[in-house]
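Structure first, then comments.
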Amino acid sequence: MAGDSIPLLEMRGIVKQYGSVAANAGIDLTVSAGSVVGLLGENGSGKSTLMKILFGMVRADSGTMIFKGRELSGHSPRAAIGAGIGMIHQHFMLVEAMTITENVILSLGPAGRRLRKREVSRLVRETSERYGLDLDPFAVVGNLSLGRRQRVEIVKALMRGAELLILDEPTSNLSPPEVDRLLSVIRRLRAEGKAIIFISHKLGEVLEICDQIVVLRDGSVVGHSESDACTRVGLASLMVGRELDEVFERSTASPGLKLLELHNVSVPAAPGGSGLSDITFSVRSGEILAIAGIDGNGQLELAETIAGLRPAKVGTIELAGTDITNTGVADRIATGLSYIPADRIGTSLVPSMTIGENLMLRDSHRAPFSVHGWLNSSALDDNAHGAISAFGIRAPSPNISTKRLSGGNQQKIVVARELARAPKVLIAVQATWGLDPGATQFILDRLLRLRNDGAAIVYISSELEEVLALGDRIGVMFDGRIAGIMSRADADVTRIGMMMGGLETQSSVEEIRA
Amino acid sequence: MDSAVLDFLAATIRIATPLMLAAMGGIISERAGVFAVGLEGMMLAGAFGAAAGTFLTGSTAIGIASSIGCGALVGLTVAVVAVRFRADQMVTGLAANALVAGLTSFLLRGVIGHGRTPVIHTALLDPWPVPGLSAIPVIGSLLFQQPPLTYLAFTATVPLYWFLVNSHAGLLLRAAGENPAAAYSVGANPAKIRTVATIAGAAITGLGGAVLVLQQVGTFSDGMTGGRGFLALAAIIVGRWMPFGTMAACLVFGAAEAMHLWVQVLGLPVSSYIVQMLPYLLALAVLAAWGRSVVMPAAIGVAYGDPDRS
Amino acid sequence: DYKAALLLPGSINDQSWNADGYAGLTKIKELGFETAYTENVDAADHVDAMRDYARRGFNIIIGHSGRFLTAEERVGAEFPNVQFITAAGSAGFGKNVSSIDFNNRHFACLIGYLAAKMSKTGKIGGVYGLEGLPTTIDHVGSFRICAKKARPNIQVTVLYISDMEDAASAKEAAFSLIAAGADVVAGQLNAAQTGLIQAAKEKNVFVTGRSYGQTAISPENVLTNIIEKWPEMYAAAAEDVKAGKLSGAFRVYGLDTPDATGAALGYLPDVPYNKAVPASVIAELDDVKQQIASGAIKIEPTREDARGGR
Amino acid sequence: MSADIGQPARIRSPLLAVHPSTWRTIFAMAAGLGVTALLILSVGADPLTAYRTIALGAFGSLERVTYGLNRATPYILCGIGVSLCFRAKVINIGGEGQIAIGGLCATWVALTWPIANPAIAIGSAALGGIAGGMIWASLAGGIHLGRGVNEVLVTLLMNFIAVLLVAEALHSWIGEIGAGFPQSPMLTANYRLPKLIAGTDLHIGILFALVAAILANIVLWCTSLGFAWRIFGESRMAARYAGFSRGRLTIGVMALAGGLAGLAGAIEVMGIHYRLIEGFSKGFGFNAIAVALLAALKPWAVIPAGLFFGFLETGTQAMQRQIGVPSSLVIVIQGVTMLLVLAAMGGLRPKGGS
Ligand SMILES: Nc1ncnc2c1ncn2[C@@H]1O[C@H](COP(=O)(O)OP(=O)(O)OP(=O)(O)O)[C@@H](O)[C@H]1O
Ligand SMILES: Nc1ncnc2c1ncn2[C@@H]1O[C@H](COP(=O)(O)OP(=O)(O)OP(=O)(O)O)[C@@H](O)[C@H]1O
Ligand SMILES: [Mg+2]
Ligand SMILES: [Mg+2]
């Protein structure tokens with residue numbers, strides 16, 4: 001049993017206080033070589049903080065870390081890397097203006113100094129092919145989808161190599177096949193005697209890959225056991241601190257009239273992205289169209305085109321009967337279109353601004369937030385307090401900047417804002433990205449409620465589970481087209497998988513139009 | 001008439017040379033994420049260093065060395081305030097410009113002149129004809145009979161380009177300017193990189209000042225850079241933070257400046273003030289025709305410290 | 001005990017206009033005055049500075065540039081028994097605000113005449129600042145008129161540059177004149193004047209300067225300098241004040257005011273011209289002087305005579 | 001340009017029970033005094049006397065104070081605009097040009113229409129200045145948006161052009177015939193700003209500055225427009241996502257800044273010189289940027305920052321006159337003081353690059 005061997009890493013009594021928030025309240029963590037330790041916990045429970053401390057990105061207020069028998073004190077990422085620790089950050093650490101190759105060279109540190117670009121790009125290509133991550137070494141990171149960026153981070157970590165590898169939510173942006181490949185990579189590393197700390201909110205993965213599982217809540221360890229002694233339900237309730245019923249209720253759809261219609265919409269491809277070609281579908285009131293697809297097949301472009309961030313060069317878009325093809329973002333918001341983009345930091349959230357301000361980001365010039373151009377601060381506060389309690393956002397006050405919030409809590413803010421508008425149509429991309437099971441379920445719940453209240457929802461996700469769980473109709477995107485749309489009833493996983501891979505496309509247009 | 005064209009091109013090169021050296025220094029610092037608003041001051045310091053050094057020792061070599069040193073000193077000042085103490089970079093640059101403007105004038109009179117202004121006159125650097133090439137009929141006299149710093153200004157672009165694009169150090173430098181947090185996460189020390197880059201860049205910028213003194217006017221007078229630092233800054237933006245583009249931009253500015261003199265020589269019915277607008281109008285026109293400027297290094301101007309307290 | 005204060009638009013380091021003014025103040029000091037001066041006085045501080053000196057009991061307050069006249073007019077009214085003087089001003093006010101200047105027409109005329117005579121190519125040029133000012137019109141216009149007097153077919157090209165302190169761009173201006181065929185270059189700039197001298201030195205053409213120091217830069221090429229006698233003019237004013245005489249007049253010193261001519265042509269302290277100037281030309285110049293002094297030659301320049309270009 | 005000084009810097013060690021920046025500031029001030037003392041000694045003057053004359057020159061008498069206030073007025077007005085622009089990450093360094101054009105337009109109004117009623121006269125000239133500045137700045141904004149030319153470049157180049165435009169105007173149609181210096185004719189009395197305190201030169205301009213600062217603060221924090229500007233400055237993409245129009249926000253903030261700068265120019269003309277003179281705007285633009293950044297882009301903080309500049313200048317210039325140190329030393333002292341204040345303020349800035 002891996003657990004018995006002398007520990008590779010011992011963290012004792014790690015404490016990190018952020019203002020009033022105890023991100024880590026005296027955490028002990030032991031990792032032994034050749035084992036995978038799963039780190040579970042609600043959003044904001046302190047996982048990333050603990051890992052950042054271990055990697056030297058953040059300095060602990062107190063506590064000791066012993067790695068390979070030597071104490072790591074006041075160390076920096078440089079020291080951590082030197083000692084043999086590698087980390088994939090939850091929020092990517094990539095230089096967007098540079099190519100993948102350049103980012104990799106950077107990550108190799110002093111070792112990269114001697115390497116030629118050509119060699120490195122070859123290595124990148126090999127590595128990404130070996131692990132089925134499909135990356136173009138010369139692509140500029142800024143043009144890559146989140147999924148691809150995630151792969152870049154993985155390649156970085158693999159190529160640098162480390163005795164202890166920290167993976168902070170590496171699967172959040174991966175498609176199922178990619179996840180499988182990553183897991184097999186992890187197994188191989190374990191076999192090579194490396195240690196891995198694996199953070200994820202997807203209990204399935206965690207149970208599948210981890211030897212031990214450590215559960216955090218509010219900055220302290222609330223559970224620690226061998227993984228085969230754990231069950232999903234058990235873990236979930238341990239994390240949340242209450243019972244979670246695994247499968248959630250969903251009444252059957254009662255579709256009303258068409259709220260969103262796209263007719264032959266086409267968009268030219270932006271650098272590094274996919275375009276859209278001849279997209280035609282419609283969504284009815286009280287209906288969820290869930291769109292699956294491997295990240296980077298036009299989902300982002302589709303969402304942005306509907307939301308008004310990309311002009312539709314060809315075709316028409318109608319919202320509740322009115323043609324919005326050429327109206328701006330603001331008008332679309334006003335006509336009842338909400339949009340939850342995948343890219344949180346800097347797009348749907350302004351990290352340096354307060355929770356309250358972010359909650360009114362897209363409605364600031366409308367009542368109640370402003371009257372005749374004057375901001376109404378009490379409305380802002382009420383709204384903020386309301387959202388914080390309604391969505392259980394973990395924050396000391398609505399007036400702290402959202403960059404201090406954990407990923408999950410940040411996403412809750414976005415969802416809260418977009419639902420508060422009681423939209424006719426909601427476009428959501430990876431809405432549960434990086435959320436803990438409790439939060440995930442909570443949000444899917446809210447989406448279903450919105451649908452039951454008669455909204456039309458387009459839910460775009462690369463997580464098949466979710467798509468199947470949520471969609472009244474399931475669509476699949478491949479290469480900028482709708483490969484097919486089927487009703488919930490006759491959605492079967494293998495067929496969808498084929499479509500996602502572009503191996504099958506649906507011919508009967510009627511079914512699409514349905 | 002082609003002799004007139006030659007004179008025009010020669011003027012263009014002369015005017016562009018100091019701008020180019022200043023701008024090359026600026027590129028290094030801006031690529032590392034430190035606004036180069038201090039170029040004017042660094043250049044002026046370099047000019048003073050060149051004049052004082054040569055005047056006091058009689059050796060232009062020492063003059064050049066001290067121009068590098070004086071430039072670097074200003075760079076050090078900016079780095080300490082803007083990087084170490086993370087003060088706003090733009091205003092730090094402006095303050096440094098003011099400081100240098102005063103200090104050079106003060107030292108000239110107070111220290112070198114012992115209270116009254118010394119009459120500094122330095123010999124100008126002689127052209128170094130490139131054996132063989134300088135014999136080529138037309139371009140020979142134009143390109144290959146230049147004083148040393150001019151060759152330096154033009155050739156420096158090549159290694160600088162290589163450094164930025166291909167060298168590992170250049171990669172780290174750009175990372176510090178694009179995403180210091182990421183650089184930090186891979187074990188680099190952005191603050192240190194920025195400090196070094198600012199000082200190194202300032203040293204090169206100082207040479208731009210040396211050109212004014214040792215290749216052009218042979219003396220130092222207060223504020224003699226006359227805004228060239230800001231033109232160099234503009235050239236960097238036009239050149240999109242890349243050496244060759246920036247060199248081209250400097251040449252365009254040089255040509256515009258030369259042209260406005262020529263237009264005056266020919267004599268126009270408009271006043272000289274209108275004619276003097278020409279270079280700036282021309283620059284604007286070129287930029288407008290050029291189209292949208294690429295976005296600058298992402299983290300330029302963003303103070304970076306220990307992310308722990310972000 | 002009498003006190004005199006001097007306000008300068010620039011720094012006394014400039015080896016030119018401001019240095020001349022400072023020399024004037026030292027002369028006043030020799031007359032037993034207690035003296036004070038302020039350099040680089042911004043437009044916004046004119047009134048403040050003058051009041052401050054007047055309050056502190058200064059008897060003479062000199063603004064060493066026409067730009068001080070406005071403020072002197074204003075503050076002069078508040079301090080009726082303080083003598084306010086504007087150098088190169090253009091008017092007097094009340095009983096105690098006077099302007100003094102040397103006669104630009106007279107000396108510019110001599111320079112123009114000399115230049116025309118010394119030119120072999122039949123083309124001469126001049127570089128000046130601030131087009132359109134009365135003094136500039138007088139100076140440049142007379143330069144052109146008298147050049148034509150000397151040689152009706154002479155081609156006179158005039159350039160105006162914005163910055164009278166920027167030696168490098170003045171040098172470029174001179175180069176462009178020389179490239180266009182001029183073999184004698186005149187001018188009336190501040191720190192930038194050295195740029196003209198350098199250009200002439202490099203291209204080996206004749207040039208005129210503003211101080212003996214500029215002769216030193218290139219003894220072969222400098223024909224002569226217009227040496228402005230601010231010490232004399234200031235001393236004269238100071239004497240009047242000592243004698244209790246205040247003046248609200250606009251005094252112009254020139255060849256027609258023999259006891260104080262306001263300026264003189266000088267190559268070295270007691271050598272009027274470069275030895276390259278033939279005796280015949282010198283004789284003609286002396287003759288011109290006579291006629292100006294006697295009023296036989298009247299020079300009435302217009303804006304047209306002072307135009308830029310040919 | 002990020003200057004969100006909102007959050008207090010963390011206290012490093014419990015020993016320092018005080019805001020660390022307080023220590024920095026104290027240190028900076030001490031260092032500043034030390035350095036300048038050495039410089040002053042080096043020209044054989046007595047530092048203590050020098051400091052005294054600086055203090056007296058700035059605050060010694062009511063009149064001295066009024067000079068400082070007048071000096072600070074344009075810095076504050078123009079600095080407010082800069083702070084708003086920089087907040088919106090529209091890097092407008094065109095203050096100098098906008099001031100120049102503002103002064104030109106105000107003068108033109110004043111010389112063209114002989115309005116008897118001072119209030120109307122001054123008002124219309126001020127409006128002229130504001131309009132001029134607005135148009136000049138919007139022009140820059142338009143080129144920036146329309147052709148995608150970096151705003152720093154456009155505004156920088158347009159500074160040179162504006163100053164030459166003023167020179168051209170003074171040399172041709174608006175200049176005073178026969179004047180010894182490029183300047184317009186005197187403005188008639190009804191176009192001169194009334195004095196705030198009789199017997200001093202303190203004109204009512206400072207009131208405009210104070211009001212403008214307060215209004216700007218309100219706009220920035222209490223209106224949806226200000227909110228949009230702040231979002232726009234924090235993240236262009238978020239601004240898009242929120243549905244704000246990049247064009248309107250950019251032109252809007254540029255026009256506002258231009259208007260304030262133009263007003264500053266008009267006030268310099270109507271309150272200080274009573275005429276347009278060449279180079280009256282020299283250096284104001286950059287000082288205004290320094291002021292705005294020193295104020296951490298907080299409109300209200302521009303007031304103290306502007307006053308700091310104004311009084312530093314009047315004080316050091318008085319010292320120059322009193323003990324006859326060279327002006328260069330004054331500039332050095334100003335530069336050193338600024339750098340040290342900056343270094344001290346650095347401690348207040350949020351750390352972390354991204
Ligand atoms: N820089 C910071 N400043 C202030 N508070 C912070 C900061 N970083 C994290 N926190 C707080 O510390 C707590 C733990 O954050 P952390 O990111 O470690 O949670 P997490 O377990 O990673 O959550 P998630 O699963 O959403 O990533 C959160 O409440 C968060 O608000
Ligand atoms: N609110 C917006 N609406 C539409 N497009 C926008 C908006 N904000 C930014 N963009 C686009 O994003 C790109 C990057 O924005 P950004 O404005 O930073 O570029 P820029 O060259 O710096 O111009 P600017 O200085 O005006 O922002 C721009 O090319 C612009 O087209
Ligand atoms: Mg996390
Ligand atoms: Mg920009």
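These numbers were taken from a predicted model, which means no experiment stands behind them. Just so we're on the same page: letters track the sequence lines, and every chain starts at 1.
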*Backbone of B/V34 reached by a side-chain donor or acceptor of B/S29 within 3.5 Å*: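 It does hold such a pair.
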*Please confirm whether the backbone N or O of B/F35 pairs with a side-chain atom of B/Q89, one donor and one acceptor, at under 3.5 Å?*
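Checking the backbone N and O of B/F35 against the side chain of B/Q89, a donor-acceptor pair under 3.5 Å is found.
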*For chain D, which residues from residues 274-284 of chain B lie under 4.5 Å away (heavy-atom distances)?*
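When heavy atoms of chain D are the reference, residues 274-284 of chain B contributes B/I274, B/Q276, B/M277, B/Y280, B/L281, B/A283, B/L284 within the under-4.5 Å range.
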Quiz: residues 328-341 of chain D side-chain donor-acceptor pairs under 3.5 angstrom, not counting sequence neighbours:
from, atom 1, to, atom 2, distance (Å)
D/Q334, NE2, D/T316, OG1, 3.0
D/T337, OG1, D/I333, O, 2.5

*Within 45° of the six-membered ring axis of B/F106 and under 6.0 Å from that ring's centre, is NZ or CZ of B/R109 located there?*
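B/R109 over B/F106 ring: no.
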*Over all atoms of both residues, closest heavy-atom pair of B/M20 and B/C250*: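 The answer is CG-CB, 3.5 Å.
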Identify which part of [X] has an atom lying under 4.5 Å from any heavy atom of chain D, answering side chain, backbone, both or neither.
X: B/V37; value: neither
X: B/T104; value: neither
X: B/L103; value: both

*Counting only heavy atoms closer than 4.5 Å, note whether D/S327 contacts chain B via side chain, backbone, both or neither.*
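For D/S327, neither part sits under 4.5 Å from chain B.
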*Could you tell me which portion of D/V325 (side chain, backbone, both or neither) has an atom closer than 4.5 angstrom to a non-hydrogen atom of chain B?*
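When you check distances to chain B, no heavy atom of D/V325 falls under 4.5 Å.
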_Suppose we screen for ring-ring contact (aromatic ring centres under 6.0 Å, His included). Which residues come up paired with B/F253, at least two apart in sequence or across chains?_
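Testing B/F253 for ring-ring contact (aromatic ring centres under 6.0 Å, His included), a comparison that skips the adjacent residues, returns none.
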*Which pairs, with at least one residue in residues 30-49 of chain B and sequence neighbours excluded, count as a salt bridge (Lys or Arg N to Asp or Glu O under 4.0 Å)?*
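Qualifying pairs: none.
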*asked:* Would you call the rings of D/F286 and B/F230 parallel, tilted or perpendicular, taking 30° and 60° as the class edges?
replied: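 Plane angle under 30°, so parallel.
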_Option that, when pairs with chain D are counted at under 4.5 Å, heavy atom only, ranks first among B/A98, B/G33, B/A234_ =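 Most heavy-atom pairs within the cutoff with chain D belong to B/A234.
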*asked:* Quick one about B/D222 and B/S105 (side-chain donor to acceptor, distance below 3.5 Å, no hydrogens or angles considered), yes or no?
replied: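 Yes.
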